[in-house]
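One structure below.
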Amino acid sequence: MNRHTKMAILIAPILAIGGYIASDFYMEDQAQEKRIFTLSPESSCDVLAKQCVLVSGDFKVSVYDEQGKTYINSTYPLDEATLFLVDSNDQSTSYRLQMQDSPYYWFRETPLREKVSDKDQTHKLRLIAKVKGGQYISEFYTQTGI
């Protein structure tokens, strides 16, 4: 065996490990790229009756209001969540939600219950949920007494 072959046998494992580490960094960088996905209501939404689920592939977000606090919970851990209440003039008020016990559960006091407490009244809501560089956005209507 000549010295070039010996050198190749010694360096090959180092290059293989280095390539594996470099590919891991590349894949992590790709996962952090900003992407936007759309969440759609699974069926009609009634936030007050806890019947509002937004879906995008395997990702699901449940939105509901309980005693003046609006909650969301999701199938994947969120980095950030913001809820927007939209009035009849299409002006929105944002409410940045705070984590409850884990990144799967978020909440915030909102005036949503007062705005949609009348039966058969609809109200437009928007939601932005951020997960590892991906943004899940939705604009949906909640209707009381469906």
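Computed over heavy atoms, backbone and side chain alike; hydrogens, waters and symmetry mates excluded.
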If two hydrophobic side chains count as joined below 4.5 Å and joins carry through other members, does Tyr104 share a cluster with Leu39? no

Nearest non-hydrogen partners of Tyr64 and Ser62, listed with the distance: CD2-OG, 4.0 Å

Hydrophobic cluster membership, with links at side-chain heavy-atom distances under 4.5 Å among I/L/V/M/F/W/Y: are Leu83 and Val86 in one? no

Is there a continuous path of hydrophobic side-chain contacts, each under 4.5 Å between heavy atoms, that joins Ile128 to Tyr141? no

Taking side chain as C-beta onward, heavy atoms only, is Ser40 less than 4.5 Å from Val55? no

Would you say Lys124 has more than 12 foreign heavy atoms packed within less than 6.0 Å of its NZ? yes

With the 4.5 Å side-chain cut-off for hydrophobic clustering, are Phe107 and Leu127 part of the same group? no

Give me the atom names and distance for the closest heavy-atom approach of Pro41 to Phe140. CG-CB, 3.8 Å

Quick check: does any side chain N or O of Arg108 sit under 3.5 Å from a backbone N or O of Arg96, one acting as donor and the other as acceptor? yes

State whether the side chain of Thr142 and the backbone N or O of Val47 hold a donor-acceptor pair below 3.5 Å, judged by distance alone. yes

Heavy atoms only: give me the nearest Glu109-Tyr95 pair and the separation to one decimal. O-CD2, 4.1 Å

Do Asp65 and Thr110 touch side chain to side chain, with heavy atoms closer than 4.5 Å? yes

Are Met27 and Ile21 linked, directly or through intermediate hydrophobic residues, by side-chain heavy-atom contacts shorter than 4.5 Å (ILVMFWY only)? no

Please name the pair of heavy atoms, one in Trp106 and one in Met99, separated by the smallest distance, quoted to 0.1 Å. CE3-N, 3.3 Å

Rounded to the nearest 0.5 Å, what's the gap from NZ on Lys132 to CD on Glu28? Could you check? 6.0 Å

Does Asn2 use its side chain to pair, donor to acceptor, with the backbone of His4 at less than 3.5 Å? yes

Pairwise distance CZ(Phe84) to OG1(Thr93) - rounded to 0.5 angstrom: 10.0 Å

Full working for side-chain contact (heavy atoms from CB on, under 4.5 Å) between Thr70 and Leu85: CA-CA 11 Å; Thr70 304; Leu85 302 181; over 6 Å; no

Ile36 side, atom CD1; Ser56 side, atom OG - distance, nearest 0.5 Å: 12.0 Å

Nearest-0.5 Å distance, NZ of residue Lys60 to OG of residue Ser74: 12.5 Å

Nearest non-hydrogen partners of Asp87 and Gln91, listed with the distance: OD1-N, 2.8 Å

Can you list the steps and then say if Phe59 with Tyr136 is a ring-ring contact (aromatic ring centres under 6.0 Å, His included)? CA-CA 9 Å; Phe59 183 65; Tyr136 290 85; 4.2 Å; yes

Identify the two heavy atoms, one from Gly68 and one from Arg113, that lie closest to each other, and give their separation to 0.1 Å. N-NE, 3.9 Å

First locate atom CD1 of Ile72, then atom OG1 of Thr82, and finally report the distance between them rounded to the nearest 0.5 Å. 8.5 Å

Any side-chain heavy-atom pair from Val63 and Cys45 closer than 4.5 angstrom? no

Going from OG1 on Thr5 to CG on Leu10, what distance comes out if it is rounded to the nearest 0.5 angstrom? 11.0 Å

